[in-house]
Structure formats: C-alpha cells, structure tokens
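Note sheet for the following structure.
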Amino acid sequence: MTDAATRDIVSRLERRRDLPDEELLDLIANPAPELAEELAERAGAVRERIYGNAVYLRGLIEFTNYCENNCFYCGIRRGNQNIERYRLTEERILSCTDRGYALGFRTFVLQGGEDPGFPDERLCELVRTIRERHSDCAVTLSVGERERESYEAFYRAGAERYLLRHETACPAHYRKLHPESMSAEHRYNCLKILKNIGFQVGAGMMIGSPYQTPEDILKDLRFLQDLEPHMVGIGPFIPHKDTPFHDRPAGGLELTLRLLSILRLMMPKLLLPATTALGTIHPTGREMGLRAGANVIMPNLSPTDAREKYMLYDNKICTGEAAEKCFRCLEVRVKSAGCYISVNRGDAPDWTAR
Ligand code: SAM
C-alpha cells in the first residue's frame, strides 16, 4: 500500500465506521508499520474527541480460581492439577475494595472461574454489600456463563456491568479452543441476555489464539458491530505451561495494537482496555495500547498471595506488587502515554443508570 492509499483507507474507515470485508481483511493482515502509525494516530484523535485523555481504571479482584470449565488455553482450567485452588472470603474481598477505594478506584471487577462455590445468592450478597459500602462505585461481574435468572438477580443486587468475552465469533474456531461440553451459541446468547437486561456489557477475544485466521478476526469485528457492546477486551493469547496449548506461540503485539485502533475507528465510543496480557508480551505494551486508542486499564487489586494463583497464562505481570505500588507505577505509565487517570466511574457514554 502506498502512503496515499494507506491514508485513504484509514480515513474512509474513520468516516464510515466501516469498510467492505476485503479492505478490513487487508488492514487485519497488513503488517506495514506506516499503516499501524496512521491507524493509531486517527484512533487516538477519535478517542480524544470523545473521552479527552482520560483513562478509566477498573480495579480487578480475582476472587476464585476454581473453574468447572476446561478451556484448552486457560491456566485455571479444571484439568490443571498443578495449581493451588483458592477462594477469597467475603472479608478479604471487601478489604480489597476498601483499599481500592482509598486509592481512588470507582469500579470494582469481581472476576473468577465458573465456581459453584459462589452460587447466585452468595454473589448477590457480596454485590449488595460493596454497593452499600461504596455507593459511588460501579460493580462489574465476570463470572462466566449463567442463566438469565442469575443475571437478573445480579442486576437487581446492584451489578451494572458484566464482562464476558465471546472468545471467537466463529463456531468452528470456538470448537478448537473448547471441549465438547461447551457451546459457542450458549455464550453468544448470554451476551444478548446481559445486554437485554440492561448491563453495560464487555465482549472480546484473544488475538493470535491457536487456529485463529484473519477471516475469524473479521467475523469477530462483524459480531461486535452487531452486538454493540459497551466495552471490548482484546489481548494477545499467551500460552500457559500446563494447558494443551502450552507450545503454541503467543499472539502478536502489532496485530493487537492494529485491532485496538480499528475497533476505536469502527465503534468510537467503546471502552477499550489496554490489557494486562498486552503488558505481558511487551514491557510498554499497555502504553502502546493507550496510544493506539485504548482508554481503560484494569489494575489488579487482588491480595498478592492470590495473584500468583490466578495465572491464566505464563509470566503474567503485576503478580508480585501490592495494590498501592501497582497504582503508582500505572500513574507514570498512563502519563507517559499522554493520558491521565480519571477518578470517575467511567460509564459508557450511551448507558443510562437505572
Ligand atoms: N470465567 C470468566 C469467563 O469465562 O468469562 C472469567 C475468567 S476468564 C479466565 C477471563 C478471560 O481470560 C477469558 O475470557 C480469556 O479470554 C482470557 N484468557 C484465558 N486464558 C488466556 C490465555 N492463555 N491468554 C490470554 N488470555 C486468556
């Protein structure tokens, strides 16, 4: 692609928020640095127009690593016998939110494996307690696939956001990443239900997961356009030593950054995290993610002894430091990307609170 052609295709993507399949595929598969630069520049400007240079923080509390699922890529899969399983008590979870609150966090994300040790009522009680203690904070849940009644109960309890990556929009690809007992359709349907209930919803996928093709990524983009989630979490796949995909290569930095920019241009108001996985494959991956159009960071508020056990992939960063130290480090990183940390909840612009 010549410089002029690169500028033309990126500016058309920005104006129309879309491109024909062949051109999108070209952007996905084209590794030219000039293209990445043009995409990042335009995406950064779009993000700035909508959000200024604010970066929203979501304090992540990884409260259980028990999981009933056996996803081929994931370090906390049921079949992994080499990890020590844990569940945080309510007291420990609340002490994480209190500490996070004191640092300025106004969103808490409770994430865990699909753990029958946390049935709906236990989670609802936890959500209610957090909302009572910190009424100016949002609570996000990320606890996998449940039925509509469960999601409705979570919403009534005060959870207003839900993260559930669709993982891949191609059912054939989904089959290669998950055992027979799991179903792509069930997962996609959960996302529709969550949106229908009124949650701010986060979907997303790993980049460079085994067997993923550019055409699969194109399907992901079309799926996201159709679902219209409020947030999209994308980060590189990273192998974990005790999974069937232990010897697969990690997803690429450049492709992940290009996709962040493409998503920003296609869906300008998205909340887009610069993920921990991005920071794991490159020392300044998250800063590059912010420069490519991301506007959310999810620092870890879990107690340090739990972090070491919530290893979704090898060499995950920020597993040793206490929340305060992580926070200070992030402040510097965010600033170096030309942004600042916002202390408000960072709701999706089009979402109205109940
Ligand atoms: N159980 C919940 C669920 O299914 O959504 C939340 C926890 S799950 C571990 C969170 C996300 O971690 C998954 O959606 C997946 O995309 C990501 N993940 C798992 N293993 C990974 C790996 N090896 N590399 C990168 N991301 C991974």
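Here the structure is a predicted model, which is why all the values come from computation and not from measurement. Atoms within each ligand, like the ligands themselves, are counted from 1 in listed order. Reckoned from all heavy atoms, side chains included, excluding hydrogens, waters and symmetry mates.
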Does [X], backbone or side chain, put an N or O under 3.5 Å from an N or O of ligand 1?
X    : value
S142 : no
G75  : no
Q111 : no
I238 : yes
E114 : no
R187 : yes

Provide the number and element of each atom of ligand 1 under 4.0 Å from a heavy atom of [X].
X    : result
G144 : 2 (C), 3 (C), 4 (O)
F237 : 23 (N), 24 (N), 25 (C)
Y310 : 7 (C)

Flag: protein heavy atom within less than 4.0 Å of atom 8 (S) of ligand 1: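 Flag for atom 8 (S) of ligand 1 set to false, no protein heavy atom closer than 4.0 Å.
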Test your reading of the model: is there a side-chain donor-acceptor pair from [X] to the backbone of [Y], 3.5 Å cut-off?
X    : Y    : result
R307 : N300 : yes
R17  : P268 : no
Y66  : R87  : no
N65  : E84  : yes
R106 : Y101 : yes

Region of E167 that comes within reach of ligand 1 [heavy atoms, distance under 4.0 Å]: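 Side chain only; the backbone of E167 stays clear of ligand 1.
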Ligand 1 contact on P236 by region, counting heavy-atom pairs under 4.0 Å: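 P236 to ligand 1: backbone contact only, side chain stays beyond 4.0 Å.
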Distance flag, aromatic centroids of F245 and H240, threshold under 6.0 Å: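 No, they do not, as the ring centres are separated by 6.0 Å or more.
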Lys NZ or Arg CZ of R122 over F118 ring: under 6.0 Å, within 45°: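 Yes; both conditions hold, so R122 lies above the ring face of F118.
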Row check, Y211 ring normal vs R248 NZ/CZ: under 6.0 Å, within 45°: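 Satisfied, under 6.0 Å and within 45°.
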H246, M206, M311, E68: member with heavy atom nearest to atom 27 (C) of ligand 1: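 The residue whose heavy atom sits nearest atom 27 (C) of ligand 1 is M206.
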Nearest candidate to atom 2 (C) of ligand 1, where distance is taken over non-hydrogen atoms, out of G112, G113, G202, G235: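 Comparing heavy atoms across G112, G113, G202, G235, the nearest one to atom 2 (C) of ligand 1 lies in G112.
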Test item: H186 and E145 side chains (from C-beta on) under 4.5 Å apart, heavy atoms: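 Answer yes - side chains close enough.
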Atom 12 (O) of ligand 1: nearest protein contact (heavy atom, Å):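 I find the closest protein heavy atom is L312 CD1, 3.5 Å.
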Atom CD of E228: over 12 foreign heavy atoms under 6.0 Å: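 No, the 6.0 Å shell around CD holds no more than 12 heavy atoms from other groups.
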